[in-house]
Number of protein chains: 2
Amino acid sequence: MTTTSPQGRTELLRPDGSPVRVLVVDDEQSITELLSMALRYEGWQIRSAGDGQGAVQSAREFRPDAVVLDMMLPDMDGLAVLGRLRRDLPDVPVLFLTAKDAVEDRIAGLTAGGDDYVTKPFSLEEVVARLRGLIRRAGAADRRSESVLVVGDLTLDEDSHEVSRGGDDIHLTATEFELLRFLMRNPRRVLSKAQILDRVWSYDFGGQANVVELYISYLRRKIDAGREPMIHTRRGAGYLIKPAAS
Amino acid sequence: MTTTSPQGRTELLRPDGSPVRVLVVDDEQSITELLSMALRYEGWQIRSAGDGQGAVQSAREFRPDAVVLDMMLPDMDGLAVLGRLRRDLPDVPVLFLTAKDAVEDRIAGLTAGGDDYVTKPFSLEEVVARLRGLIRRAGAADRRSESVLVVGDLTLDEDSHEVSRGGDDIHLTATEFELLRFLMRNPRRVLSKAQILDRVWSYDFGGQANVVELYISYLRRKIDAGREPMIHTRRGAGYLIKPAAS
DNA sequence: TTGGAGTCTGTGATTTCCCTGAGAAACGCA
DNA sequence: TGCGTTTCTCAGGGAAATCACAGACTCCAA
């Protein structure tokens with residue numbers, strides 16, 4: 001099921017209308033806090049654990065609809081945690097967090113069952129998007145929930161990564177795509193450059209804040225070029241996207 | 001019966017509309033877990049057993065539509081298990097798992113009755129495809145439902161392994177065929193290299209991720225050569241297949 | 001009208017990612 | 001056993017994407 005909040009954001013809900021529950025497992029507290037905040041912002045109910053023991057325990061009580069699981073935990077191997085989780089909750093989808101430089105064969109098999117993974121350092125938008133995908137496909141949320149975002153005559157398909165405006169296909173790079181997705185998931189709402197940087201770029205990004213300006217300018221060239229603009233600047237505040245007509 | 005899920009994937013169902021039931025029997029827990037995950041993702045109901053005793057027991061209660069049976073079990077010979085299974089469920093199709101170097105003729109005799117086998121280490125796509133075939137032919141699923149995948153003017157016959165585009169027959173190697181099947185079972189959907197590796201290559205493959213790139217390049221030569229391309233790269237995300245027209 | 005803060009965008013360096021040729025090793029079949 | 005086929009590794013080339021930098025531009029207030 002989906003509902004639309006007063007701010008115009010679309011939320012995933014469980015079939016009975018209650019909020020989606022997600023368990024976050026990582027031993028670095030800064031990571032669990034970062035994730036908890038971002039996922040609560042999605043309207044989800046979050047519980048977190050710092051080790052394998054706690055994860056298994058929490059899963060049993062909390063019965064989450066999805067789990068975010070770091071593969072490097074102090075007390076147990078990630079796969080062992082997975083096995084224990086699956087004993088209690090056979091169908092729960094899992095989003096694995098792995099280190100970028102981890103040996104590739106440790107990653108093997110993680111997507112086999114419909115699970116998914118992201119590498120550290122990740123961007124919050126990426127984690128949220130993949131979690132939404134997992135929850136959608138696992139059927140914890142109503143099956144009807146679409147993978148297509150629409151604002152005015154602009155559409156973005158999260159499965160095929162296709163974007164089009166007024167019927168014309170638009171090719172976007174990975175970063176442009178993530179930025180546009182963030183804007184379109186928050187239509188008619190001003191997003192500050194800091195917010196955008198926090199959500200779309202990975203958490204260890206150390207560069208200049210004006211990459212946001214740069215990528216907004218790229219997007220405008222591709223999306224607004226020669227048309228009624230949809231991306232607007234609120235000087236001193238940030239950017240927002242809205243249908244061209246209004 | 002088949003239904004098409006919102007993601008566009010086609011699911012097998014039983015004549016009464018309930019999910020297909022599969023019993024998985026293997027003494028290695030990592031194998032039963034891997035298979036359970038992958039088969040659940042097909043929308044099937046899974047039960048697993050770790051030895052012959054448990055298998056017979058589970059089959060009696062669970063009444064599966066198909067069984068995946070490792071030939072090397074700790075307590076009983078594979079043939080003995082098969083005999084006992086057949087006493088309770090005379091018509092249930094069985095997919096045997098055998099070691100690579102197993103005596104081939106013993107297996108060959110078994111498959112005469114409409115059963116099938118795969119050798120370890122297997123790829124998940126192969127197991128799923130063969131199970132689908134068994135279930136389809138056994139009539140547990142409603143129809144002689146399609147064994148032909150179609151995307152645009154490209155067709156792939158899962159029974160005969162014939163592939164053609166626009167009427168021209170195309171010869172593919174085994175790996176190319178599996179890769180194309182996976183793509184065509186998920187049309188218009190970006191599949192990451194990790195996902196492809198996990199499904200199409202066998203679970204113990206420890207090689208470089210760029211075999212995927214390599215085989216995509218082989219497929220392009222055979223399928224897209226001199227035509228409107230159907231296989232597309234989404235840089236930094238993966239690959240997808242879609243009809244040439246759109 | 002002017003100055004400054006904030007924003008936009010052209011240029012190019014760097015990095016990342018993807019493609020493909022060549023050849024080694026493994027396989028399958030006669 | 002020997003030969004053709006298939007699978008896979010390795011490495012080079014090239015294209016695309018990312019980002020820093022800097023100068024141009026815009027808006028607003030004094």
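Order of the sequence lines fixes the chain letters, A, B, ..., with proteins taken first and strands second; residue numbering starts at 1 for each chain.
- Between B:His171 and the phosphate of D:dT6, there is a side-chain N or O to OP1/OP2 separation shorter than 4.0 Å.
- No contact: B:Ile216 has no heavy atom under 4.0 Å from any strand.
- Salt bridge annotation for B:Lys120-B:Asp26: present, with a cationic side-chain nitrogen under 4.0 angstrom from a carboxylate oxygen.
- Here B:Arg136 pairs with B:Asp159 in a salt bridge; the nearest charged N to carboxylate O distance falls below 4.0 Å.
- Rounded to whole Å, the distance from CG on A:Leu172 to C1' on D:dT18 is 15 Å.
- Here the P atom of nucleotide C:dG10 and the CZ atom of A:Arg220 are 13 Å apart, to the nearest Å.
- Nearest to the side chain of B:Val211, among C:dT9, D:dC8, D:dT18, sits D:dC8.
- OP1 or OP2 of C:dG6 has not a single side-chain nitrogen or oxygen of A:Lys193 nearer than 4.0 Å.
- Nearer the 5' end of DNA chain D, as judged by each residue's closest nucleotide, is the contact made by B:Thr175, out of A:Phe205 and B:Thr175.
- Rounded to an integer number of Å, the gap from A:Leu219 CG to D:dC19 C1' is 16 Å.
- Ring to ring, A:Phe177 and A:His161 are close: their centroids are under 6.0 angstrom apart.
- Ion pairing of A:Arg199 with A:Glu178 is absent here, as no side-chain N (NZ or NE/NH1/NH2) approaches a carboxylate O to less than 4.0 Å.
- Comparing the start and finish of the helix from C:dT1-D:dA30 to C:dA30-D:dT1, five pairs each, the helix axis swings through 30°, to the nearest 10 degrees.
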Can you give one letter per nucleotide of nucleotides 22-30 of chain D, going 5' to 3': B for a protein heavy atom under 4.0 Å from the base, S for sugar-phosphate only, - for none?
B---BB---
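- Checking the phosphate oxygens (OP1, OP2) of C:dC8, a side-chain nitrogen or oxygen of A:Tyr239 falls inside 4.0 Å.
- For B:Thr233, a side-chain nitrogen or oxygen approaches OP1 or OP2 of C:dC19 to under 4.0 Å.
- Evaluated for a side-chain hydrogen bond (donor to acceptor under 3.5 Å, both in side chains) with B:Glu158, the options B:Arg130, B:Arg185, B:Arg181, B:Arg132 yield exactly one hit, B:Arg181.
- Remark: the B:Tyr218 side chain and the C:dC19 base include no donor-acceptor N/O pair separated by less than 3.5 Å.
- The pair B:Lys222-B:Glu176 counts as a salt bridge, with a side-chain nitrogen and a carboxylate oxygen less than 4.0 angstrom apart.
- Side-chain N/O atoms of B:Thr173 include one lying less than 4.0 angstrom from OP1 or OP2 on D:dT7.
- A donor atom on one side chain and an acceptor atom on the other are found under 3.5 Å apart for A:Ser164 and A:Thr155.
- When the nearest nucleotides of DNA chain C are assigned to A:Arg221 and A:Ala237 by heavy-atom distance, the more 5′-ward of the two goes with A:Ala237.
- Close to D:dC8, at under 4.0 Å from its OP1 or OP2, lies a side-chain N or O of B:Trp201.
- For A:Trp201 and A:Tyr215, the distance between ring centers is under 6.0 angstrom.
- A donor atom on one side chain and an acceptor atom on the other are not found under 3.5 Å apart for A:Thr98 and A:Thr119.
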